[in-house]
2 protein chains.
Amino acid sequence: MARTPTTHDPFNAVAEPKRRRILEALGAEERSVNEIVKKLGWTQPMVSKHLGVLKQVGLVSERRVGRQRMYRVNAQRLRPIYDWVTPFERYWSENFDRLDEVLQELKKEK
Amino acid sequence: MARTPTTHDPFNAVAEPKRRRILEALGAEERSVNEIVKKLGWTQPMVSKHLGVLKQVGLVSERRVGRQRMYRVNAQRLRPIYDWVTPFERYWSENFDRLDEVLQELKKEK
DNA sequence: TGCATATATTCCCATATCGGAATATAATAA
DNA sequence: TTATTATATTCCGATATGGGAATATATGCA
């Protein structure tokens, strides 16, 4: 077995920086391939290929309009990432620091 | 150029499910390699190798105690992931749905 | 039909990957 | 010193990657 395929899950798909850029570029909008190409300044095949991966993983959905393909972010597919990382937020948050301070205080009191 | 190396950034390091499991297993605690091995039921070299990647990326830090190596999560290194994914949260959240409803209402009123 | 536009696909290759097995290193104990 | 414990490293192979260049497909238009 090699590395987990990029199309296996959102974590792997989004590990590639260019795919993150594409999702950012889309935002809440629906955009054609060429719009993304122009916005990011990459080659068209490059954008298409990354969109292909994002589509396979379900991170974007595609709609055909004439000869254009309109893409939009499927945000809920990012939720596993959000849900996984969020619990760690407390480790760097202010509250966690305070908890640490409290523990230090308790030690001193002893 | 092939795929971005796993040691390049937190996104890539965490794309591997087993490395996510290790971070989960650590949580807020400091644990030795063997504790993780027992907790997860994997082989020791496997755990060590994944810890090696996590350490290179800075997602864990290591402290030597006798012949043991104690590892702990470096949570703030997960922050780039949190920061990147959080803005998308609004696209699936209740508030965003409500905004959509409001827009629908406005259309009907016309 | 024939041409232009919009997008996808194929071919190629250098590069890392993850896992397993075996082995190396380091620290402690007898 | 020698044995044992704790952990890291090396070697291997099958596999997928992302980029570039060229090409295919598909739709619309004259």
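Quick note: numbers below take in every heavy atom, side chains included, and nothing from hydrogens, waters or symmetry partners. The structure displayed is predicted, hence computed values, not measured ones. Every chain is numbered from 1 and lettered A, B, ... according to where its sequence line falls, protein lines coming before strand lines.
The distance from atom CE of A:Met70 to atom CD of A:Glu35, rounded to the nearest 0.5 Å, is 5.0 Å. The CZ atom of B:Arg79 lies 9.5 Å from the OG1 atom of B:Thr86; values are rounded to the nearest 0.5 Å. To the nearest 0.5 Å, the span separating CZ on A:Arg72 from CG on A:Asn74 amounts to 9.0 Å. Taking CG of B:Leu40 as the reference point, atom NZ of B:Lys18 lies at 10.0 Å (rounded to 0.5 Å). The distance from atom CG of B:Leu54 to atom CG of B:Leu51, rounded to the nearest 0.5 Å, is 6.0 Å.
A distance-only check finds no donor-acceptor pair linking the side chain of A:Glu29 to the backbone of A:Arg31 [under 3.5 Å].
Under the ring pair (Phe, Tyr, Trp, His ring centres under 6.0 Å) criterion, the residue pairs touching residues 44-83 of chain B are A:Trp92-B:Tyr82, with sequence neighbours excluded.
Put simply, CZ on B:Phe11 is 19 Å from C1' on D:dT17, counting in whole angstrom units. We find that CG of A:Leu54 is positioned 15 Å from C1' of D:dT17, with the value rounded to whole Å. The distance between atom CD1 of B:Ile22 and atom P of D:dA8, rounded to the nearest whole Å, is 11 Å. When rounded to the nearest whole Å, the span between CZ of B:Arg63 and C1' of D:dA6 equals 15 Å. Per the geometry, NE2 belonging to A:His8 stands 15 Å off C1' belonging to C:dT17, to the nearest Å. Taking atom NZ of residue B:Lys55 and atom C1' of nucleotide D:dT9, one finds them 12 Å apart after rounding to whole Å. At whole-Å resolution of the value, CZ in A:Arg31 and P in C:dA6 are 17 Å apart. For the pair A:Ile36 CD1 and C:dA8 C1', the computed distance is 14 Å after rounding to whole Å.
Position along DNA chain C of the nearest nucleotide to A:Ala2 versus A:Asn34 favours A:Asn34 as the more 5'-ward residue. Position along DNA chain C of the nearest nucleotide to A:Thr4 versus A:Glu62 favours A:Glu62 as the more 5'-ward residue. Between B:Leu51 and A:Pro5, the residue anchored closer to the 5' end of DNA chain D is B:Leu51, taking for each the nucleotide with the nearest heavy atom.
When the side-chain nitrogen and oxygen atoms of A:Arg3 are compared with OP1 and OP2 of C:dG19, none of them lie within a distance under 4.0 Å. A close approach under 4.0 Å does occur between a side-chain nitrogen or oxygen of A:Tyr71 and OP1 or OP2 of C:dA8.
Within the 4.0 angstrom heavy-atom criterion, only backbone atoms of the sugar-phosphate kind lie near B:Thr6; the bases stay farther away.
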Base versus backbone protein contacts along nucleotides 19-30 of chain D [heavy-atom cut-off under 4.0 Å; B, S, -]: BBBB----BS--
